Every structure is written in structure tokens, then in C-alpha cells.
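For ligands, and for the atoms within them, numbers begin at 1 and follow the listed sequence. Everything quoted here is computed from the prediction, not taken from an experiment.
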Amino acid sequence: MENCIFCKIINKEIPSYPVYEDDVVYAFLDITQTTKGHTLVIPKQHVTDIFEYDETLASELFSRIPKIARAIEQAFPECQGLNIVNNNRELAYQSVFHSHIHLIPRYSKEDDFGLTFNDNSQKYSTEDMTSIAQAIQEKVKNHD
Ligand code: 5GP
Ligand code: ZN
């Protein structure tokens, strides 16, 4: 897609540090290197975010993730863990609107990557939880 920075990276119009490439995906170093080896995996097909994937593209993209994750782990033996992050839409911190999966190797609790999941369980009753799950369940059925 025109004016998409990641399409330009795929087409080598903009340089990048490649990690892996095949007919479906391109993986390259994220310029920010939040931690050493921070990698982006992107589909070669331009899709904006997770809401645009079909099952084939999703399975093709995600099937590549484990081998790239293992490669990062093996390249940096001091790697003690890995966060996989996928931001969708501006509110959720997406800043490049060509879908991408962040692979962020972790070296220590102080390695500059942070992610908090606050515990709000006390705000939800059993009935609330049931009704939230049902609302989603009904919509998932429409996508089978
Ligand atoms: P988002 O915030 O959308 O989840 O992540 C976009 C990521 O793309 C950011 O982590 C940012 O560092 C990375 N990025 C943006 N422009 C470029 C670029 O030109 N080259 C590379 N390698 N990474 C980029
Ligand atoms: Zn694109």
C-alpha cells in the first residue's frame, strides 16, 4: 500500500535489518530496540490490524512466530523470556498501521520493557462475568 512505511520496508525502498523472510512474512529489527533483539514480524500482505486478518493469513503468520522466537533465544543465551505484543488501533498504542507482531526478548526485570495487567476482578460479579463471556460467545459464533 502506498505511503505505508512497512510496505516500503518489505519492498526494500526503506532499509531495515532483516531477521527472516519468506513468501508470507518479513521479520526485521524494530528500530527502537526496546531490548536487544526486539523484532517485528509483519505479513507481506498489507493488513491494518488484527480485525482485518482472515484465518489463512493468521495461521500463516502465527505459524512463523515460534521459530523466530527460538532463534532470538538461541542468538542471545542471556535471554530469559520473551513478550509477544500486538497493538491494534491508536488507543491500544498502534503507531504503524500495517499489522505487526513485536517479539521482545527479556533479559531481566529492569531491561526497559514494562507491561502491567491491573487486577480489577473485585469490580465484576459472577453475573457480570457470565454476561460478558456470553456477549463475546454470541459474536464468535457468527465468525465460525
Ligand atoms: P506500534 O507502536 O505500532 O505497536 O509499533 C510500531 C513499531 O514500529 C515501533 O516500535 C517503532 O519503533 C517501529 N518502527 C517505526 N518506524 C520504523 C522504521 O522505519 N524501521 C523500523 N525498523 N522500525 C520502525
Ligand atoms: Zn503496508
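Nearest to the Zn ion (ligand 2), among the N, O or S atoms that H98 has, is ND1.
The contact set between ligand 1 and L40, taken as ligand atoms under 4.0 Å from a residue heavy atom, comprises 8 (O). The atoms of ligand 1 that sit less than 4.0 Å from any heavy atom of S95 are 1 (P), 2 (O), 3 (O), 5 (O), 6 (C). Taking a cut-off of under 4.0 Å to the non-hydrogen atoms of T32, the atoms of ligand 1 that pass are 10 (O), 12 (O).
Using a 4.0 Å cutoff on heavy atoms, T34 does not count as a contact of ligand 1. Ligand 1 has at least one atom lying under 4.0 Å from a heavy atom of F6. For the pair I14 and ligand 1, no heavy-atom separation below 4.0 Å is found.
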Query raised in the report: side-chain contact (heavy atoms from CB on, under 4.5 Å) between Y26 and V19: does it pass, once the steps are laid out?
Result: CA-CA 8 Å; Y26 186 64; V19 164; over 6 Å; no
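Checked against the 6.0 Å centroid criterion, the rings of H100 and H98 do not qualify as a close aromatic pair. For F113 and Y107, the ring centers sit 6.0 Å or farther from each other.
Heavy atoms of S16 found under 4.0 angstrom from ligand 1: none, in either backbone or side chain. Contacts of I9 with ligand 1, taken as heavy-atom pairs under 4.0 Å, involve the side chain alone. Of the heavy atoms in F28, only side-chain atoms (C-beta onward) come closer than 4.0 Å to ligand 1. When non-hydrogen atoms are compared, ligand 1 lies under 4.0 Å from the side chain of I5 (C-beta onward) but not from its backbone. Residue N87 touches ligand 1 through its side chain alone, judged by heavy-atom distances below 4.0 Å.
Donor-acceptor pairing under 3.5 Å is recorded for the side chains of N120 and K123. Side-chain atoms of D111 and S108 form no donor-acceptor pair, as typed in the model, at a separation below 3.5 Å.
For the residues D49, V85, L29, D30, the heavy atom positioned nearest atom 22 (N) of ligand 1 is part of L29. Comparing Q94, H38, E90, H102 against atom 4 (O) of ligand 1, the shortest heavy-atom distance belongs to H102.
Remark: minimum distance from atom 15 (C) of ligand 1 to any protein heavy atom is reached at V96 CG2, 3.9 Å.
Residues K44 and D23 are not paired through a salt bridge, judged by the lack of any N-O separation under 4.0 Å between the basic side chain and the carboxylate.
For Q94 (side chain) and E90 (main-chain N/O), no donor-acceptor pair under 3.5 Å exists by modelled atom type.
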